[in-house]
Amino acid sequence: MRISLYPDRFEVASPGGLHGIHAGYSDVAQLIDSSISSTRNALLARLLEDVVIPGTGRPVCENRGSGLRAAVQALERAGMGPPELNDLVRELVVTVRDQFHRFVVPPLEDIPGRMIGLLEAGPRSSVDLAAALGASKQTVLNWLRRLRADGIVAPTHAEPRTRGNKWKLTSQP
């Protein structure tokens, strides 16, 4: 499986494409409304129905054909349109375009202020900041470089790439 995040869309590519009867559907609505499930490896699917994900009580594989339906319902609850499906035979690419970034990517202009707020509580690593902000480590490092150039933050070690380094506020912004 491949997950790709672009400025205008979010894509999930699943190897193998649509299987069996589903390959004949021309749009998402037909596929979602279908109550028929088609399995590539029925024996494996039946085995995985009995394997429970630790701590959840849910099976690894429910094999009821409800995954896409559940995803579309979640998009609807978020006020978004249905995904686009592109069956390339070798893989199925599911694309979400309708303002997904409101829910997935924090607005870039909010990151510096939120980062400063986090650092007010004390030094933090770039990895910790990225996790807390829901941003990539590279995005956080780019903002840290800008804030450092403005004299707002500094690394706790002289060399920013030092293992175990954290970032701290140098002054009030």
Option from P155, S125, S126 for which side-chain contact (heavy atoms from CB on, under 4.5 Å) with N165 holds = P155
Report yes or no: do L44 and V60 belong to one cluster of Ile/Leu/Val/Met/Phe/Trp/Tyr joined by side chain heavy-atom distances under 4.5 Å?
-> yes
Step by step, work out the side-chain contact (heavy atoms from CB on, under 4.5 Å) result for F10 and I3.
-> CA-CA 8 Å; F10 177 77; I3 299 173; 3.5 Å; yes
Is it true that R9 and E84 make a salt bridge, defined as a side-chain N closer than 4.0 Å to a carboxylate O?
-> no
How many angstroms lie between atom CG of L48 and atom CG of L43, to the nearest 0.5 angstrom?
-> 9.5 Å
Hey, quick one: are V51 and L47 part of the same hydrophobic cluster, counting side-chain heavy atoms closer than 4.5 Å, chains of contacts allowed?
-> no
From L129 atom CG to R114 atom CZ, the distance as rounded to the nearest 0.5 Å = 11.0 Å
Kindly determine whether R2 and E91 satisfy side-chain contact (heavy atoms from CB on, under 4.5 Å), including the steps that lead there.
-> CA-CA 10 Å; R2 183 181 74 246; E91 69 180 355; 3.4 Å; yes
Hey, could you give me the CD1/CG distance between I152 and L169, rounded to the nearest 0.5 Å?
-> 8.5 Å
Quick one: are P59 and V52 in side-chain contact, heavy atoms under 4.5 Å?
-> no
Can you name the closest pair of heavy atoms from A130 and V140 and give their distance?
-> CA-CG2, 3.6 Å
Quick one: closest heavy-atom pair of A45 and C61, and the distance?
-> O-SG, 4.3 Å
Atom pair NZ (K137) and CG (L144), whose distance is rounded to the nearest 0.5 Å | 10.5 Å
Report the distance from atom OG of S14 to atom CG of D87, rounding to the nearest 0.5 Å.
-> 10.5 Å
For R58 and I53, indicate whether the former's side chain and the latter's backbone hold a donor-acceptor pair under 3.5 Å.
-> no
hydrophobic_cluster_shared for V93 and V72, side chain cutoff 4.5 Å | no
List the steps, then state whether side-chain contact (heavy atoms from CB on, under 4.5 Å) holds for L118 with M115.
-> CA-CA 5 Å; L118 291 167; M115 187 180 302; 5.5 Å; no
Enter the distance from L141:CG to W167:CH2 here, rounded to the nearest 0.5 Å.
-> 7.5 Å
Give the minimum heavy-atom separation between R124 and A132, together with the two atoms involved.
-> NH2-CB, 3.8 Å
Going by the side-chain contact (heavy atoms from CB on, under 4.5 Å) test, name the single residue among V153, L119, N142 that passes it with L147.
-> V153
